[in-house]
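Chain naming here is simple, since letters A, B, ... match the order of the sequence lines and numbering starts at 1 in each. For the numbers below, each heavy atom of this structure counts, side chains included, while hydrogens, waters and symmetry mates do not.
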Protein chains: 2
Amino acid sequence: MRLTDSDLLRDLDKPEFAAVRAAFVPRHFPKGRQVYAPREARNSLFIVAQGRARVYLSYKDKEFTMAILDVGDVYTTHTRASVEALDDLTILVAELAAVRRFLADMPALTSSMVKVLGDLLSHAFSVIDGLAFLDVRKRLIQLLLYEAERVSADAEHILCFSHGLNIEQLATIVGSSRQTVSSLLNVLERDGIIEMRARGVICLPDLARLEALANE
Amino acid sequence: MRLTDSDLLRDLDKPEFAAVRAAFVPRHFPKGRQVYAPREARNSLFIVAQGRARVYLSYKDKEFTMAILDVGDVYTTHTRASVEALDDLTILVAELAAVRRFLADMPALTSSMVKVLGDLLSHAFSVIDGLAFLDVRKRLIQLLLYEAERVSADAEHILCFSHGLNIEQLATIVGSSRQTVSSLLNVLERDGIIEMRARGVICLPDLARLEALANE
DNA sequence: GCGTGTCTGTCAGATTGCCGACAAACACGC
DNA sequence: GCGTGTTTGTCGGCAATCTGACAGACACGC
């Protein structure tokens, strides 16, 4: 779910961007608080400075999680998505209109913006791809593989990651129900493909086999 | 499915944009020909000058149509989507890198680019929204309403549109199968909510009732 | 006007995945 | 260690939708 950790955050701290940096205001949200409501009029751009945020669509009492933003991730509102704080959250917010004023002067900023939008778009296409062509089981496996990729840098002997989400939240990511995801995970565990060490922690003792399942 | 008919095409013909205009090369494709293959390396931006193009994802022998581009629509590749000519097609193509070089000099161009990406993104969100929350019937009804909106300007007494697609193609738009869409359409017709005048032509004698169905 | 190829309507069977219900496992404060 | 609220596992019934099959309708060239 990681989106676009461009160098925007780092760039902003360079002296030549001081003027732009001033357009970004830090805002804090306690865990669970709504950051943006569905059809918020304002278009803004923010960078996650601390904590995680969940970007999601909702309809009646259902929710679909589009992305989980981590530190360094950049996001633009002006879509019909809501955002909520998954942990205590700090973001740097700028009005899009304000940022736009600087675009002419700072080509680097333009590239960043275009990159952010491009990454969001590319991610959205992946999501559509999954929903249109894959069943819940495959979408879940893809999610596991995706998470695995992010920790693989640690090169642990046995690959584990702590996503810190409950089954219900996982279900909103793959667009399914708690019950379905629960039983799929348990089948995978019985087959020795995953291991659920604790709530919110999954290990992948046999990555190769998981990858095979994704392609079958 | 109409995307982003920004003023890019018109803007480009202004004398001050002559330099940028030169970066766009016209290309022709006969009906049915592939315009971009799935994972084409090059990132480019094009404007439809004549005909229609279909943007779609594919997986094994299934396809999902993301959008149908009309004259004036702008599209950027660099996603995993393919594009094919739905009619005989003429597009103005520019390499993204080439366009990017002009961005600094021409803020208006930047706005256009950001708008294009933003529109694509917003459309992608709508698609996800439909796939995640609505059943085939509702997605189909939304599609009908969407098409209705585009011709409503004609203010005909009874609203008709000729989409020029067969049932199978409609099915790829709503992410369903030919059989399902066929029977759903026939149920709607029996209920007097739509009228299929000829292949590829649908009339909506009772728009209000259709809208009611969409919200139920 | 006839024949061929495509498009459409419809049915039956199988599958997927949802939902409600309920019990067991867990987390955490006291 | 106990009690309460949350999370998880599992079952059964049900609705949506897919697939394959086939017949009838249509379109168009000759």
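As a whole-Å value, the separation of N186(A) CG from dT8(D) C1' is 8 Å. Rounded to whole angstrom, the span from the CD1 atom of I202(B) across to the P atom of dT8(C) amounts to 10 Å. Rounded to whole Å, atom C1' of dG17(C) lies 17 Å from atom CG of L134(B). Taking atom CZ of R199(A) as the reference point, atom P of dT7(D) lies 8 Å away to the nearest angstrom. Taking atom CG on D135(A) and atom P on dC18(C), their separation rounds to 11 Å, with Å as the unit. Nucleotide dG17(C) holds its P atom 12 Å from the CG atom of L131(A), rounded to whole Å. When rounded to the nearest whole Å, the span between CZ of R178(A) and C1' of dA23(C) equals 12 Å. dT8(C) atom P lies 9 Å from atom CD of E168(B), rounded to whole Å.
Taking only side-chain nitrogens and oxygens, R190(A) comes nearer than 4.0 Å to OP1 or OP2 of dT10(D). The phosphate of dC18(D) (OP1 or OP2) has a side-chain N or O of S177(B) nearer than 4.0 angstrom. The shortest distance between the side-chain N/O atoms of T180(B) and the OP1/OP2 oxygens of dC18(D) is below 4.0 Å. At dG9(C), one or more side-chain N or O atoms of S182(B) fall inside 4.0 Å of OP1 or OP2 (strictly under the cut-off). In this model, the phosphate group of dC18(D) is approached by a side-chain N or O of S176(B) to a distance below 4.0 Å at OP1 or OP2.
A donor and an acceptor atom never sit less than 3.5 Å apart when one is taken from the side chain of Q179(A) and the other from the base of dG9(D).
Here the CD-CD1 distance, from E211(B) to I141(B), works out to 11.0 Å after rounding to the nearest 0.5 Å. Between the CE atom in M196(A) and the CD atom in E189(A) there is a gap of 4.0 Å [rounded to 0.5 Å].
Counting only heavy atoms from C-beta outward, the side chains of V25(B) and L92(B) never approach each other to under 4.5 Å. Contact annotation: the side chain of N166(A) never approaches that of L170(A) to less than 4.5 Å [non-hydrogen atoms, C-beta and beyond].
Residue K138(B) is classed as having no contact, given no heavy-atom separation below 4.0 Å to the nucleic acid.
Cation-pi geometry between R33(A) and F29(A) is not met: the NZ or CZ atom fails to fall both under 6.0 Å from the ring centre and inside 45° of the normal.
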